[in-house]
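The model shown is predicted, which means the values in this text are computed figures rather than measured ones. Along the sequence shown, residues carry numbers from 1.
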Amino acid sequence: MAHVLKTLNSWFWWENIWMPINCTWADFVDRDGLVFPKPQQLYATIPYAFVLLIIRFFIERYIAIPLAKALGIKNVRRVKPQPNPVLESYFRECSRHPSQSEIQGLAKKCNCTVHLVEKWFRRRRNLEIPTVLRKFQEAFWRFSFYFASSIVGFIFLYDKPWFYDIWQTWVGYPFQTLLPSQYWYYMAEISFYWSLLFTLGIDTKRKDFKAHVVHHFAAIGLMSGSWCGNYVRVGTLVMFVHDTADFWLEAAKMFNYARWEKTCNILFFLFAVAFFITRIILFPFWILRATLYQPTFYSTTPVIAYFLFNGMLLILQGLHIYWGYLILKILKKFIFSKDLKDDRSDEEEEDSVTDNEEESTKNGSKNGCGSGKHLLNSSHH
């Protein structure tokens, strides 16, 4: 087994995959004031991710919650349905949305009314849906990171020649020294996506949950691979182009949760403009031009990594086009209905069972199911 792992490791780090011909890993030892990215430095992104989780905890608790209250978002405490092993077992093992005939059968089995069984399932489904306050906290954290990353990225890049002349990304490659700003920019970005992976199980679950998992792993793989191949200059430009649009979307979500419709619509429109400028124009005609076309002027024998990274970037551009289509559909919806809704998130169902109904259930049924309290009508995401 050890021999197999050693062989796979040697194949993975074969020089012809990562760097131009006649270059070896020995050439990337720090020397003469030159500092190069090292693959083992990526291990630090795991503890950095936990540091970000600690920062996230304090930001969500001490900044996001007070801000949400100032915007009129209340922390609605949901009432749990009364314990009922029969209904709980059916909910977990069979269906969260039983048919009318199934509800009638469960009502007879539990010795309670059909109406109360329906209410029990509504409450049980609502427990699976995060509150509006919780979704606001998550959006605020992502907004905070993307906004800070955009500002810091601009500070790191504005005085670099390759920020204005994309050809400079390849001048001197692969022996381009690693700057401290590039190191921290990469560490922060990779650590952030690790932290998102670590919290996928407790964050708001959407219908595209699997797509999020794939996206986060792909982002980590793309950034880590560009680090190992010293494509750092292009890599920082890719990260900057993406972050500058994302914080507008998270801001729109926050005001959507607060039901500030006009502000939400304006912010979403600004996001759409930023998205199309950065990902439909700049990314293909600036970034992809630098990764597909320009390397051929600096090397006559493209390495395997050239095809791997450009393949992933082209797939990413395909996703940009798909997301752009969805954004256009939402903008069309804005024009006619003035409503923003994320179809990936479930809505909380209205619960209108009265205290009298619950009391009669407690007194008249051993396995009563239901408790009375009006909940938040609906939560849009």
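Side-chain atoms of Asp165 never come within 3.5 Å of backbone atoms of Pro161 as a donor-acceptor pair (strictly under, hydrogens ignored).
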Name each donor-acceptor pair under 3.5 Å that joins a side chain in residues 274-286 to protein atoms two or more places apart or in another chain, with its distance.
from, atom 1, to, atom 2, distance (Å)
Thr278, OG1, Ala274, O, 2.7
Thr278, OG1, Phe275, O, 3.4
Arg279, NH2, His242, O, 2.9
Arg279, NH2, Asp246, OD1, 2.5
Arg279, NH2, Asp246, OD2, 3.2

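Glu118 pairs by the salt bridge (charged side-chain N to carboxylate O under 4.0 Å, His left out) definition with nothing, not counting sequence neighbours. Listed by chain and residue number, nothing satisfies the side-chain hydrogen bond (donor to acceptor under 3.5 Å, both in side chains) test with Arg233 (two or more places apart in sequence, or in another chain). Checked against side-chain hydrogen bond (donor to acceptor under 3.5 Å, both in side chains), Thr169 has no partners two or more places apart in sequence or in another chain. Partners of Ala188 according to the side-chain contact (heavy atoms from CB on, under 4.5 Å) rule, which considers only residues two or more places apart in sequence or in another chain, do not exist here. In this structure, the salt bridge (charged side-chain N to carboxylate O under 4.0 Å, His left out) partners of Arg92, at least two apart in sequence or on a different chain, are Glu88.
With side-chain heavy atoms closer than 4.5 Å counting as contact, directly or through intermediates, the hydrophobic cluster containing Ile54 also holds Phe57, Phe58, Tyr62. Residue Ile321 belongs to no hydrophobic cluster, having no ILVMFWY side-chain heavy atom closer than 4.5 Å to its own. Val214 belongs to no hydrophobic cluster, as no Ile, Leu, Val, Met, Phe, Trp or Tyr side chain comes under 4.5 Å of its own.
Residue pairs that meet the side-chain hydrogen bond (donor to acceptor under 3.5 Å, both in side chains) test with at least one member in residues 64-73, sequence neighbours left out, do not exist here. Sorted by first then second residue, the salt bridge (charged side-chain N to carboxylate O under 4.0 Å, His left out) pairs that include residues 32-48, not counting sequence neighbours, are Asp30-Lys38. The list of salt bridge (charged side-chain N to carboxylate O under 4.0 Å, His left out) pairs with a residue in residues 281-296, not counting sequence neighbours, is empty.
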